[in-house]
Amino acid sequence: MPLFLPDDHLKMTLTQVLEALLFSAQKPLTIRELKQALTGAGNDNEVAPNQFARVKEAEVAAALSQLKTEHTLTPRGFQLVEKADGWQLLSHPDCAHWVRQLFPGPKPARLSPPALETIAIIAYRQPITRADIEAVRGVSIEGVLQNLMERGLVKIGGRAELPGRPLLYETTQFFLEHFGLRSLDELPNAEELRTRYLPMAPPAPLTVTGDAGRLELSPSATANAPQD
């Protein structure tokens, strides 16, 4: 004999379903992805019709905010975090000491002070040339810059419209995820530090050569120009 549960047992709140989706996901989910999962589920199930078939993105966003508040007010071993590429359930940082026991592999190396200084300059002033970064730091950053690129925190964003067309560097999407930022606007004191004066590399001198009066880099300028 089939067992039928009362309707109350078949209904879940929106926050409950969102929590289940985020718990099951292997990556952050955007509000649009969550809405698609909600609206596309159980349409052909006559016993338990989809009560969220017409849910709106605004309702999903409101439920996520409510869920985040609940996680904040009620101490749990995990938390709901909004990242650059969506929402995700993560273990609480205070539990890292125990959670780490499940992953005994080598710990990721921390960024050195020179690397942190370099990536901070790039983050606030991107896109920026290597010469301008070195003008701020006062030292060569070739090794540090290469390390940041290998770790996926910095990438080449193009070339500057300057003599020699030096490479421009900028932060990556992984940079935002690594530092728990949704966008670059969440950088501390973003507006102030983006406009504060910083030293810049001197422009390469130009000389007029040739009968046509073309502007070309002088030999000394070419020798001294920073190479990427």
Side-chain angles (χ1 to χ4, degrees), residues 12-43 50-111 115-116 118-120 122-124 126-127 147-157 169-191 193-194:
M12 301 290 289
T13 66
L14 181 55
T15 54
Q16 286 177 307
V17 178
L18 288 173
E19 192 171 44
L21 290 170
L22 293 166
F23 177 81
S24 303
Q26 300 297 313
K27 65 179 184 67
L29 297 176
T30 65
I31 290 178
R32 175 168 293 183
E33 289 173 327
L34 288 166
K35 174 184 177 289
Q36 289 174 345
L38 288 163
T39 57
N43 290 329
N50 183 7
Q51 65 194 84
F52 304 114
R54 297 184 179 180
V55 71
K56 296 182 167 73
E57 289 189 11
E59 295 174 293
V60 175
L64 286 170
S65 297
Q66 178 185 340
L67 190 58
K68 185 174 183 179
T69 300
E70 291 176 2
H71 285 200
T72 302
L73 297 178
T74 306
R76 302 184 185 185
F78 54 91
Q79 58 183 353
L80 180 59
V81 177
E82 184 180 5
K83 307 174 74 174
D85 49 353
W87 292 77
Q88 188 173 28
L89 282 176
L90 299 174
S91 59
H92 198 286
D94 293 345
C95 298
H97 178 71
W98 296 276
V99 173
R100 195 175 294 121
Q101 303 310 307
L102 299 174
F103 307 95
K107 300 178 182 178
R110 294 185 177 180
L111 291 175
L116 287 172
T118 300
I119 201 168
I122 297 172
Y124 283 102
Q126 62 186 306
N147 178 263
L148 291 173
M149 294 182 66
E150 289 175 356
R151 297 184 66 163
L153 296 168
V154 171
K155 65 179 181 179
I156 295 172
Y169 296 92
E170 58 188 32
T171 55
T172 63
Q173 179 73 20
F174 178 66
F175 165 83
L176 296 175
E177 297 174 11
H178 182 79
F179 289 98
L181 303 171
R182 288 177 295 179
S183 70
L184 293 173
D185 291 333
E186 291 191 348
L187 288 167
N189 303 319
E191 291 299 324
L193 293 178
R194 282 172 181 164

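All values derive from a computational prediction rather than experimental measurement.
- In this view, N189 satisfies the side chain to side chain donor-acceptor pair (under 3.5 Å) rule with no residue, not counting sequence neighbours.
- Crowding of R76 atom CZ: a count of heavy atoms from other residues, nucleotides or ligands under 6.0 Å exceeding 12.
- Between S65 atom OG and W87 atom CH2 the span is 5.0 Å, to the nearest 0.5 Å.
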**OP:** Using the salt bridge (charged side-chain N to carboxylate O under 4.0 Å, His left out) rule, take E19 and K68 through it: C-alpha gap first, then chi angles, then the decisive distance, then the call.
**Re:** CA-CA 10 Å; E19 192 171 44; K68 185 174 183 179; over 6 Å; no

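- Contact of the H178 side chain with the L153 side chain is registered, since non-hydrogen atoms from C-beta on lie closer than 4.5 Å.
- Residues L14 and A63 approach most closely at CD2-CB, 3.6 Å, considering heavy atoms.
- Among residues two or more places apart in sequence or in another chain, the side chain to side chain donor-acceptor pair (under 3.5 Å) test is passed with E186 by R182.
- The minimum heavy-atom distance between Q88 and P28, with the atom names listed, is OE1-CG, 3.5 Å.
- In this structure the side chain of V154 never reaches within 4.5 angstrom of the side chain of F175, judged on heavy atoms.
- Of the possible polar contacts, one joining the Q51 side chain to the M12 backbone as a donor-acceptor pair under 3.5 Å is found.
- To the nearest 0.5 Å, atoms CZ (F78) and CG (L89) are separated by 6.0 Å.
- With contacts defined as side-chain heavy-atom distances shorter than 4.5 Å, the pair Q126/T171 qualifies.
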Subject >> Check against side chain to side chain donor-acceptor pair (under 3.5 Å), T69 and Q66 >> reply: CA-CA 5 Å; T69 300; Q66 178 185 340; over 6 Å; no

**OP:** Using the side chain to side chain contact (heavy atoms under 4.5 Å, CB included) rule, take T13 and L18 through it: C-alpha gap first, then chi angles, then the decisive distance, then the call.
**Re:** CA-CA 9 Å; T13 66; L18 288 173; over 6 Å; no

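- Looking at L38 and L21, their side chains come closer than 4.5 Å, going by heavy atoms from C-beta outward.
- The side-chain heavy atoms of L64 and T15, taken from C-beta on, include no pair separated by under 4.5 Å.
- Using a 4.5 Å heavy-atom cutoff, the side chains of V60 and K56 are not in contact.
- Nearest approach of G157 to E170, heavy atoms of both residues: CA-CD, 3.8 Å.
- Shown here for Y169 and I156, the closest heavy-atom pair between the two residues is CE2-CG1, 3.8 Å.
- For T172 (side chain) and G152 (main-chain N/O), a donor-acceptor pair under 3.5 Å exists by modelled atom type.
- Between E33 and I31, the closest side-chain pair of non-hydrogen atoms is not below 4.5 Å.
- L80 places none of its side-chain heavy atoms less than 4.5 Å from the side chain of E70.
- Rounding to the nearest 0.5 angstrom, the gap separating the CZ atom in R100 from the SG atom in C95 is 11.5 Å.
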